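A quick write-up on the structure given underneath.
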Amino acid sequence: MSHASFWELMNFGPDGWGWSMMRAAGVTVMVALAGFILGGFIGSFGAWAKIAGNRPVRIAADAYTTILRGIPDLLVIFLFYFGGSLALSAIYRAFGGEGFVDFPGFAAGAMAIGLTSGAQHTEVFRGAYYAIHDGELEAAKAAGMTRMMMLRRIIMPLLLRHALPGLGNIWQVVLKESALVSVTGLIELARQAQIGAGSTRQPFYFFMAAALLFLMITFVSNRVFRFSEAHFSRGVRGAR
Amino acid sequence: MDFPFMYEALMRLLPGIPMTLQLAFIASAFGVFFALAAALMQLSGNVVLRSIADFYVFCIRGTPLLIQIFLIYYGMGQFDFIRHSFMWPILREPYWCAIFALMFNTGAYGSQIVRGGLLSVPRGQVEAARSCGMSQVLIYRRIILPLAIRQALPAYGNEVILLLKATSLASIITLMEITGLAAKMISETYRVVEVFLVAGSLYLLINFILSRGVAVLEKRLMRHTAAERPSSRVAARGAA
Amino acid sequence: KEWKHITIATEGAFPPWNATKPDGSLDGYEIDLYKDLCKRMNVECTMVTQAWDGIIPALTAGKFDAIMAGMSATAKREKIISFSESYGTTGQTFAVARGSDLEKMPHFGEVFSLETELPQAEKAIEDIKPLLKGKIIGVQTASIASVFLDKYLKGTAEIREYKSTEQHDLDLLAGRVDVIMASMGYLSTAAAKEGNSDMVVAGPRFQRGILGRGSSVGLRKEDTDLRDMFNKAIAEAKADGTIKKLSDKWFGFDVTPH
Amino acid sequence: MSIRNLHKNFGDVEVLKGIDIDVAEGQVVSILGSSGSGKSTLLRCVNFLESPTMGEITIAGETVRTRPGKNGDLEAADIGQLNRLRSNVGMVFQSFNLWSHKTVLENVMEAPVYVQKRPVAECHDEACAYLEKVGIYDKRFSYPSRLSGGQQQRAAIARSLAMHPKVMLFDEPTSALDPELVGEVLRVMRALADEGRTMLVVTHEMGFAREVSNRVIFLEQGWIEEDGAPETVFGASRSARFRQFIAAQPH
Amino acid sequence: MSIRNLHKNFGDVEVLKGIDIDVAEGQVVSILGSSGSGKSTLLRCVNFLESPTMGEITIAGETVRTRPGKNGDLEAADIGQLNRLRSNVGMVFQSFNLWSHKTVLENVMEAPVYVQKRPVAECHDEACAYLEKVGIYDKRFSYPSRLSGGQQQRAAIARSLAMHPKVMLFDEPTSALDPELVGEVLRVMRALADEGRTMLVVTHEMGFAREVSNRVIFLEQGWIEEDGAPETVFGASRSARFRQFIAAQPH
Ligand SMILES: Nc1ncnc2c1ncn2[C@@H]1O[C@H](COP(=O)(O)OP(=O)(O)OP(=O)(O)O)[C@@H](O)[C@H]1O
Ligand SMILES: Nc1ncnc2c1ncn2[C@@H]1O[C@H](COP(=O)(O)OP(=O)(O)OP(=O)(O)O)[C@@H](O)[C@H]1O
Ligand SMILES: [Mg+2]
Ligand SMILES: [Mg+2]
């Protein structure tokens, strides 16, 4: 192993990489969060389409989830980043502009993550919906609730109870998927680790530091999810 | 679109398929045992077992696979005592390192799915088994696991698909599976979109076959639910 | 089109060509050089970083106007983009673990051009072949070194491709590969790094021919005017010794292409 | 309220084979029948929880508009109408179906507050009154999973009462109750009957059928086998099957 | 079988406050009590589905060995012993708890085949016989979710009978049945009683308590309020509460 120590490299002084790594961790969280929220919207819509949509809508939703779950996420990111720029430029030129229009890396990354995680959200929401006890829905219908009201008052709370573990999983995946966004030039944690590793030739320390920062983010988000799970599981008698 | 080129790309990527499939299937075959063991440890009352499993799951889920592969492969090569141990002939090989990394990874994610399945088994059905005098092992074998597997199957199918996509990271430790070959071709031709479209289609095709398989299995196993009967879910659709 | 402002991309992780300092700012031979070139061209320049993987597609997609990332001008790359005149070449050579029998590879320190001295170069390759028989050679994917290996040593040795250069260094030290091949500029600085004392440069050095003209500015094909501007500036910098001065500072030897 | 020519198939099995019932306002109808004869299915078809295969349902003078659904069964054509009608129909399920994420009190207040949009304070007081009436006021902050069987059933009854429905459907509302509570609940139901509420009650309590209801229907294998005032039906039934059915009573 | 000084708390609430019951072999004990009085909890404590807070359970002459568990309640010290005893105790749950992934027939055959390890063919024939007896032989290949309430209850009864248990615990075994079937099931139970099987039956059927059982226990707020032969208890109960309880019967 090499000789400069871990803390020498990662300190927060002018010669330390501490701040850079922290900043990159911030970017990671921001991209992941934007993608996750976008994915949540897409996912609720997708789940609705699969559960309640008519035939064409259902087929479209099925195609969406099959394709996006089936292809590597890197491809989606590439298509957004490069394809997005080309498309925007083409439009811009069509309106008499000249040269290139940039499609910002952050937006490309967040949208790509949103689109891929949306497929997973769809499946999680759908699964959770089917886990709801039939009888509880029937009782709501028998009370004359409209669709919207049933959705808000009965389905959503019960659904979140079943969906939260799945959402936790997606969040973990999204968090790490952000590592792929580096191809768009965005300096997030994994890219920062690579830059540092290349520039100092100390790959270990950088990957270790990145792993630790990822674990810290995970630790905090686990807390949040556990807290919400407890909240939405009220009324459930602990299994076994 | 340049079809001759895409055909050339297809011909160059096809030889990567066996490697991709091997990595995915060997890792998921072993990973299931990790998943089951970790889930059972997490649900066991024993604090030590639970903490070990929790820590394992936390570390693996909390860091990107990329970093794990990197640390396992390059990290282990750093230490003399590993290099001189009986394990080195295996750890020396990128192939086995990739399988280990993928296996640990899918074991951690899978354990959460298995755990969810186990927890979803209705309490009453376990009590009925207890009151028959079934031993804990028998209860698991005859009642809990069959029900948990049915519940967890869709999510686990999803996990295998994710694992299959994750094998693409094995290219960073010199394995020439589909993505490795694609990356090589891209860095020679710089035609990202075309090559990735071909690679993506290959993954999509494999995953499509895989997910159909899971769906068929799911249908067979789910005969016992009322959901299949026409009325109740159709009625639910009216309101959802 | 009139060039008042150009954006140049670099990798920022390939010292001594380009590297990133802890505070995020860039540093290296190409960083010093681009400032000098831009002054000569009388344009305003910004430098951005981009991962190596997507750097050429990003150029063609219009994310920036030029690449200065230690990128050699090769025939394959020239199908997609165009290159200026070279601003530095160090040649490709080998590195092995200290103490291995490969350390004594013949022709150490000799430089062969695959363009003008092809017969001598091929003889040198024949000389080292017996030593490399059955060994494992590590190389960066799709680098010019990998092109060289594919052409001359495929079948003799097993070739393993890595995504980045510091990874094959690690495997060399771990004993997973026996030899690595990369640019002289890279290997000499890598071997000098503390912790890498077990890595030594060995064997002959090759350049030009299939190894390309050396590192050059990558540009979109249609921007011929920009290429002319760079060519003019590079020629001036060569002529007045700026390139030699900078390469001495960063490499410790002269990388000026002839 | 009226049911016309109601058919229901589950796959190949015909569970209801053409049911016709007209219920006048304020009438209390007991539905008797052996296990598996289709009683629950009949109630569930009335408010379209189960899609009938054929037939027509009229509630409070309004006929539910239907159209053929995908699998051949009918489905409601106008969801708005269906919801409006449903909020006038209270239902107590055989398996209670309390909302597991809400406390007993929240279960009872849910529909009055959110469907009928009545003032919260009023709903709260009324919910408490109903819970008091069925004797589980002290459990109002418990979640359903913490209740005994009988307590769950009473919560379900209170929940349906709180909507002031015009028509009430009870599916074995006293199955999990002890005799004392049965008496209690039957008194509540009798009071509702006296207020002029229309009720369809699936029950195995002959006592209720005889004393509280003013009409008894005996269902057998998907047909109405017997239909009339309790005195007539219990007194001199034409149906041999029905006489056998009530003769089996263990007391 | 005997129960000694059985206590059970749920959090702060004391549901059972010291129950002592000795049941001789072949005795049929009816447990009456109002809803929420702790009847189900009592049965569940007998085979340790619920951990008692204090007390001692003896089944077939063997006392269940216990040790203090984590949350202060007792837990079985010897799982092997507990399982052996449990396989001698049949239980019919208030909420049936059929295994949803197995057909009715598989539900009934499960314990005989896998716990008692009896020959499959024999178990199959016997299971069919029991299903015939409770009248759901034709539903033997259905999954529980496709059954009506009463059909599920009968499947649960058949399941517990198939184990030939020495002691049987029934939690309201006839709550979802029509009078005819109630009669039928009670006849099955009487036959079991005649075979000398020990039974604890939670029930609201006074008919059963009076005619089939040879002992009646009345539970009230976690105490045994009344215990004796049916004639004595129903004839001249000392407890005012019990007299009130049975007086409320609606017929
Ligand atoms: N989803 C279903 N799929 C197939 N058959 C069903 C389904 N639901 C009910 N059945 C069958 O329809 C018949 C009538 O069921 P229903 O629940 O209406 O009976 P019930 O009269 O309410 O009986 P109980 O008094 O036992 O509750 C039964 O034979 C049952 O097995
Ligand atoms: N898990 C639990 N947590 C808290 N309280 C509980 C729990 N289970 C039961 N109780 C309470 O214990 C009391 C007794 O419950 P139990 O189920 O034994 O009643 P029961 O006599 O069987 O009534 P029923 O005839 O209505 O079934 C009830 O008041 C109930 O609310
Ligand atoms: Mg029913
Ligand atoms: Mg009970």
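Reminder, nothing fancy here: chain letters follow the sequence lines and each chain counts from 1. Keep in mind it's a predicted model, so treat the numbers as computed, not measured.
Heavy-atom distances place both the backbone and the side chain of C/Ala190 under 4.5 Å from chain A. For C/Thr189, the parts sitting under 4.5 Å from any heavy atom of chain A are the backbone and the side chain alike. When heavy atoms are compared at a cutoff of 4.5 Å, C/Ile55 does not approach chain A at all. Only the side chain of A/Ile187 comes within contact range of chain C, with heavy atoms under 4.5 Å apart.
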Side chains of residues 137-145 of chain C: which donor-acceptor partners sit under 3.5 Å, not counting sequence neighbours?
residue	atom	partner	partner atom	Å
C/Gln140	NE2	C/Lys163	O	3.2
C/Thr141	OG1	C/Tyr162	O	3.1
C/Ser143	OG	C/Gln140	O	2.8
C/Ser143	OG	C/Ser146	N	3.4

Can you list, pair by pair, the side-chain donor-acceptor contacts under 3.5 Å of residues 27-36 of chain A, counting residues two or more places apart and other chains?
residue	atom	partner	partner atom	Å
A/Thr28	OG1	A/Ala24	O	3.3
A/Thr28	OG1	A/Leu189	N	3.0

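For the atom pair CG of C/Asp23 and CZ of A/Arg23, the computed distance is 8.0 Å after rounding to the nearest 0.5 Å. Between A/Ile195 atom CD1 and C/Lys21 atom NZ the span is 14.5 Å, to the nearest 0.5 Å.
Identified by a heavy-atom distance below 4.5 Å to chain A, contributing residues of residues 69-76 of chain C are lacking entirely. Of residues 117-124 of chain A, not one residue has a non-hydrogen atom less than 4.5 Å from any non-hydrogen atom of chain C.
Contact between A/Arg191 and C/Glu11 at its shortest, heavy atoms only, is NH2-O, 3.1 Å. When all heavy atoms of C/Ala13 and A/Gln194 are compared, the pair lying nearest together is CB-O, 4.1 Å. Contact between C/Gly24 and A/Ser20 at its shortest, heavy atoms only, is N-OG, 4.2 Å.
In this structure, A/Phe45 places its CZ atom where only 12 or fewer heavy-atom neighbours from other residues, nucleotides or ligands lie under 6.0 Å away. Crowding of C/Asn42 atom CG: a count of heavy atoms from other residues, nucleotides or ligands under 6.0 Å not exceeding 12.
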